[in-house]
Amino acid sequence: MSLFPAYLFSLIGLTLFSRMIGDAYYILFYHQMPWPEGEGGYRWLSLIYDFKLDFFLDFSAENLGNIFLFLPFGILYPLFRPGSTWQRTFALGVLTSLVIENIQPLMDRSFDINDIVLNTIGVAVSTVVFFSLRRFLGRKDDKN
């Protein structure tokens, strides 16, 4: 089952290298730099941190995207590792979010506590759904 590694690779690429991917797309299709001459480029080690929990004040499409970004985790990981428990799946999903969020300030992105909370909600929802369905369907098979 190579779907989970592909998802994880895409997740890391999207969250850490989205600006570079967008710039490469622009250069490939428009044959010019995506920023005016003399400007642009990348700042490494931006070290921008946001520790304010304010996603519930202004719930935007970006916040919903942070939930959707980690929804596949709770389904794909237990399919990739059939013996995994819901606790391990949830913990690994939260750990993945923490690692990605802690690396972002090194890659010209910002650390945002809201992203971690929203990613955790995504992992929690998909983990509960997957393991509930597995338990329900497993009991149904035992009766036959």
Side-chain angles (χ1 to χ4, degrees), residues 1-30 32-35 39-144:
M1 173 86 157
S2 61
L3 198 54
F4 179 72
Y7 161 73
L8 198 57
F9 181 75
S10 300
L11 180 68
I12 291 168
L14 181 65
T15 56
L16 294 180
F17 304 107
S18 61
R19 183 172 174 203
M20 291 177 202
I21 292 168
D23 289 350
Y25 172 85
Y26 195 88
I27 292 166
L28 285 171
F29 287 98
Y30 296 108
Q32 58 185 2
M33 297 306 281
W35 51 77
E39 295 181 22
Y42 300 100
R43 296 176 323 201
W44 303 102
L45 301 171
S46 63
L47 302 179
I48 300 170
Y49 294 90
D50 182 7
F51 292 105
K52 293 180 285 185
L53 278 172
D54 57 359
F55 65 88
F56 47 86
L57 297 175
D58 181 26
F59 200 81
S60 65
E62 180 183 349
N63 293 338
L64 194 58
N66 276 312
I67 293 173
F68 285 153
L69 197 61
F70 273 78
L71 274 177
F73 197 99
I75 297 167
L76 295 178
Y77 180 73
L79 291 174
F80 181 68
R81 295 277 185 222
S84 67
T85 63
W86 70 267
Q87 296 96 331
R88 182 176 174 89
T89 301
F90 178 73
L92 195 59
V94 173
L95 181 65
T96 302
S97 176
L98 283 168
V99 167
I100 288 173
E101 209 56 42
N102 278 298
I103 293 173
Q104 282 184 345
L106 304 175
M107 308 294 291
D108 194 24
R109 303 276 317 263
S110 66
F111 174 96
D112 191 353
I113 194 73
N114 295 313
D115 292 352
I116 294 172
V117 172
L118 294 166
N119 295 343
T120 300
I121 291 170
V123 170
V125 166
S126 61
T127 301
V128 166
V129 167
F130 178 82
F131 283 94
S132 296
L133 282 173
R134 187 157 92 177
R135 173 176 261 179
F136 175 74
L137 295 175
R139 284 187 181 164
K140 195 173 189 178
D141 290 341
D142 290 341
K143 291 179 183 176
N144 291 330

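Each residue takes its place number in the sequence, starting with 1. Only this structure's heavy atoms are used, side chains among them; waters, hydrogens and symmetry mates stay out.
- Side chain of Ser126 to main chain of Val123: a donor-acceptor pair is present (N/O by atom type, distance under 3.5 Å, no hydrogens or angles).
- Atoms OG and OH, on Ser18 and Tyr25 in that order, are 15.0 Å from each other to the nearest 0.5 Å.
- Here the CD1-CG distance, from Ile103 to Leu98, works out to 11.0 Å after rounding to the nearest 0.5 Å.
- Here the CG atom belonging to Leu92 is positioned 10.5 Å from the OG1 atom belonging to Thr85, to the nearest 0.5 angstrom.
- For Tyr7, the ring pair (Phe, Tyr, Trp, His ring centres under 6.0 Å) criterion is met by no residue, not counting sequence neighbours.
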- Query: Leu16 and Arg109: side-chain contact (heavy atoms from CB on, under 4.5 Å), yes or no, with the steps?
  - Reply: CA-CA 8 Å; Leu16 294 180; Arg109 303 276 317 263; 5.8 Å; no

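- Side-chain contact between Thr96 and Leu11 is present, with heavy atoms from C-beta onward closer than 4.5 Å.
- Using a 4.5 Å heavy-atom cutoff, the side chains of Thr89 and Phe131 are in contact.
- Residues Ser60 and Asn63 meet the side-chain proximity criterion, which asks for heavy atoms closer than 4.5 Å.
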Can I get a per-line list of side-chain donor-acceptor pairs under 3.5 Å for residues 66-83, giving both atom names and the distance, sequence neighbours left out?
{"residue": "Asn66", "atom": "ND2", "partner": "Glu62", "partner atom": "O", "Å": "3.3"}
{"residue": "Asn66", "atom": "ND2", "partner": "Asp115", "partner atom": "OD1", "Å": "2.9"}
{"residue": "Tyr77", "atom": "OH", "partner": "Arg88", "partner atom": "NE", "Å": "3.2"}

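- Of the inter-residue distances, the one linking Ile116 atom CD1 with Asn102 atom CG reads 6.5 Å to the nearest 0.5 angstrom.
- At least one side-chain heavy atom of Glu101 sits under 4.5 Å from a side-chain heavy atom of Phe111.
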